[in-house]
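Notes follow the structure.
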Amino acid sequence: MKSRRRRHQHQLLFTFLLFLSQEIELLTAEAFTGTYGINYGRIADNIPSPDEVVTLLRAAKIRNVRIYDADHSVLEAFSGTGLQLVVGLPNGYLKDMSANASHAMSWVKENVQAFRPKTSICGIAVGNEVLGGDDYELWEALLGAVKNVYKAISKLGLADAVQITTSHSQAVFANSYPPSSCIFEKNAAQFMKPLLEFFSQIGSPFCLNAYPFLAYMYNPENIDINYALFEKTKGIYDMKTNLHYDNMLDAQIDAAYAALEDAGFKKMEVIVTETGWASRGDDNEAAATVSNARTYNYNLRKRLAKKKGTPLRPKMVVKAYIFAIFNENLKSGQTSERNFGLFKPDGSISYDIGFHGLKSSSADSSLLSMKAVQAQGLSKSYILILTISAAASFLFLKQ
């Protein structure tokens, strides 16, 4: 009789633990928590270690992070932190991944499955700004790579936990002014539509790299810089939709929504995967100043904190990843390319938008209060783990 009761208790415990483990898995499946994220680029030889970056991000209460590869030192540093991480499959891998499903499976096993769930990898960005770029072979490989990566995570049971996306630049659009006139560029459209059809099937958003900085630099004579910086301005009026825009980022997002609607994907969400403002530039980049970078990023942070949508999609809350954590001194191109960072190489702030840099004393106590745990987005998992421990103790003490 006691043996039967003990087996029954073990079965109850197993069922309970299985249920709670699934709940924890669902908690790590969210691709974006809140509205604010950041890109962690590492084309530099003078930036802090991944462990120090974790301390910096947790002190700043930035939970959503994107990297452009799947560097194992970063994945290990993020283990157990509760930070939500999107890893990148670089463009150089796309042709191989498109042609070889087994290689996509190996990549996912080695760079995603091996680190989950301790490292909260919630997304894979397959390529970056491929459509609209110069390599047309990559255009042809993109969808195949996306599908093979998705097949891999599906076979590994991760499809509900890891979201597959790819980010696009403004080059995929034929026209974006006014926002309602935007459609996909003709050459990109033939590759974009089947990609969007697949993303629609698997529930992925349209990811947009949107830079009012670049738009202003391209046409400073006809764009009010205050419109680009979220400052007071008369804005623009879209006669077709009868909508007013008081900042350029909202207009860029709604242009993407207009292009999606024109292509037949009205319900697809747009997420901004890169946006930012350079704090330094060449002589022909006069707008790249510390003052403008601070103004843009401070006002952007305030705008995202309001958790509101755009004029065209007022119920679709805007979410954005800021570019970037650090200046990257080894990037090529104009000076502005190396100066988008919110933080300096030593971990101090580049300019004040309300964040704190690395401090000499630890930014995080090992004994976190519940309030601190909640601020870092760990409370639900933490509570579930405590519940599991309590349940296990109770059931075994009953034996």
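Fair warning: this is a prediction, and the values are worked out from it, not measured in the lab. Because only heavy atoms are used, hydrogens play no part in the values below, and waters and symmetry mates are left out as well, while side chains stay in.
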Test your reading of the model: is there a side-chain donor-acceptor pair from [X] to the backbone of [Y], 3.5 Å cut-off?
X      : Y      : result
Arg63  : Phe32  : no
Asn327 : Pro345 : no
Ser350 : Gly341 : yes
Thr233 : Asn226 : no
Asn148 : Ser98  : yes
Asn39  : Ile322 : yes
Tyr257 : Val270 : yes
Asn64  : Tyr36  : yes

Counting only heavy atoms not in [X], do more than 12 fall under 6.0 Å of its [atom1]?
X      : atom1 : answer
Tyr93  : OH    : no
Arg301 : CZ    : yes
Asp134 : CG    : no
Lys331 : NZ    : yes

Show your reasoning for whether side chain to side chain contact (heavy atoms under 4.5 Å, CB included) applies to Tyr150 and Val126.
-> CA-CA 10 Å; Tyr150 182 75; Val126 181; over 6 Å; no
Identify the heavy atoms of Val74 and Tyr40 that sit nearest to each other, and give their distance.
->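 Smallest interatomic distance, heavy atoms only, reads CG1-CE2, 3.9 Å.
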Heavy-atom closest pair, residues Trp277 and Ala288 =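 Distance-wise, the nearest heavy atoms are NE1-CA, 4.4 Å.
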Taking side-chain hydrogen bond (donor to acceptor under 3.5 Å, both in side chains) as the test, write out the residues that go with Asp346, two or more places apart.
->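 Applying side-chain hydrogen bond (donor to acceptor under 3.5 Å, both in side chains) to Asp346 gives Ser348.
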Taking only residues two or more places apart in sequence or in another chain, which ones pass side-chain hydrogen bond (donor to acceptor under 3.5 Å, both in side chains) with Arg42?
->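 Partners of Arg42 under the side-chain hydrogen bond (donor to acceptor under 3.5 Å, both in side chains) test: Asp69.
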For Glu269, check salt bridge (Lys or Arg N to Asp or Glu O under 4.0 Å) against everything at least two apart and list the hits.
->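 Only Lys319 meet the salt bridge (Lys or Arg N to Asp or Glu O under 4.0 Å) criterion with Glu269.
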Applying salt bridge (Lys or Arg N to Asp or Glu O under 4.0 Å), name anything that partners Arg338, two or more places apart in sequence or on another chain.
->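 For Arg338, no residue satisfies salt bridge (Lys or Arg N to Asp or Glu O under 4.0 Å) once neighbours in sequence are set aside.
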Could you tell me the separation between the [atom1] atom of [X] and the [atom2] atom of [Y], rounded to the nearest 0.5 Å?
X      : Y      : atom1 : atom2 : answer
Asn247 : Tyr227 : CG    : OH    : 7.0 Å
Arg313 : Asp254 : CZ    : CG    : 7.5 Å
Asp160 : Gln163 : CG    : CD    : 11.5 Å
Arg116 : Leu156 : CZ    : CG    : 11.0 Å
Leu57  : Leu85  : CG    : CG    : 10.0 Å
Ile325 : Ile38  : CD1   : CD1   : 5.0 Å

Could you pull out all residues at least two apart from [X] that satisfy side chain to side chain contact (heavy atoms under 4.5 Å, CB included)?
X      : result
Thr241 : Ser180, Asp238, Leu243, Leu312
Ala258 : Cys182
Gln201 : Phe198

Report yes or no: do [X] and [Y] belong to one cluster of Ile/Leu/Val/Met/Phe/Trp/Tyr joined by side chain heavy-atom distances under 4.5 Å?
X      : Y      : result
Ile202 : Ile121 : yes
Leu56  : Ile43  : no
Ile223 : Phe230 : yes
Leu249 : Tyr177 : yes
Phe343 : Val290 : yes

Residues Thr310 and Asp250: side-chain donor-acceptor under 3.5 angstrom |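 The criterion, which ignores hydrogens and geometry beyond distance, is not satisfied for Asp250 and Thr310.
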Between Ser49 and Asp51, do the side chains contain an N or O donor and an N or O acceptor separated by less than 3.5 Å?
->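 Absent: no donor and acceptor within the cut-off.
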Between Phe184 and Leu196, does a side chain to side chain contact (heavy atoms under 4.5 Å, CB included) hold up when you go through it step by step?
-> CA-CA 12 Å; Phe184 288 113; Leu196 294 177; 3.9 Å; yes
Could you name each residue pair satisfying salt bridge (charged side-chain N to carboxylate O under 4.0 Å, His left out) that touches residues 172-194, not counting sequence neighbours?
->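 Sorted pair list comes back empty.
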Salt bridge (charged side-chain N to carboxylate O under 4.0 Å, His left out): pairs with one or both residues in residues 76-97, sequence neighbours excluded |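 Only Lys95-Asp135, Lys95-Glu137 qualify under salt bridge (charged side-chain N to carboxylate O under 4.0 Å, His left out).
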Which side-chain N or O atoms in residues 206-219 pair as donor and acceptor under 3.5 Å with protein atoms at least two apart or in another chain?
residue : atom : partner : partner atom : Å
Asn209  : OD1  : Thr273  : OG1          : 2.8
Asn209  : OD1  : Glu274  : N            : 3.3
Asn209  : ND2  : Asn128  : OD1          : 3.4
Asn209  : ND2  : Glu129  : OE2          : 2.8
Tyr211  : OH   : Glu274  : OE1          : 2.6
Asn219  : OD1  : Asn222  : ND2          : 3.0

Pair up each side-chain donor or acceptor in residues 292-300 with any protein partner under 3.5 Å, not counting sequence neighbours, and list the distances.
residue : atom : partner : partner atom : Å
Asn292  : ND2  : Ala287  : O            : 2.9
Asn292  : ND2  : Thr289  : OG1          : 3.4
Arg294  : NE   : Asp352  : O            : 2.9
Thr295  : OG1  : Ser291  : O            : 2.9
Tyr296  : OH   : Thr275  : OG1          : 2.6
Asn297  : ND2  : Ala293  : O            : 3.1
Asn297  : ND2  : Tyr351  : OH           : 2.9
Asn299  : ND2  : Leu229  : O            : 3.0
Asn299  : ND2  : Glu231  : OE1          : 2.8
Asn299  : ND2  : Thr295  : O            : 3.2

Could you walk me through whether Lys234 and Asp224 pass side chain to side chain contact (heavy atoms under 4.5 Å, CB included), step by step?
-> CA-CA 9 Å; Lys234 66 178 183 180; Asp224 179 0; 5.8 Å; no
Show me the side-chain donor-acceptor pairs of residues 105-113 shorter than 3.5 Å, one per line, residues at least two apart or across chains.
residue : atom : partner : partner atom : Å
Ser106  : OG   : Ser102  : O            : 3.1
Asn111  : OD1  : His72   : NE2          : 2.8
Asn111  : ND2  : Trp107  : O            : 2.9

side-chain hydrogen bond (donor to acceptor under 3.5 Å, both in side chains) assessment of Asp282 paired with Thr335 = CA-CA 6 Å; Asp282 292 326; Thr335 298; 2.4 Å; yes
Criterion side chain to side chain contact (heavy atoms under 4.5 Å, CB included) on Leu142 and Phe191, from CA distance to verdict = CA-CA 9 Å; Leu142 179 58; Phe191 294 93; over 6 Å; no
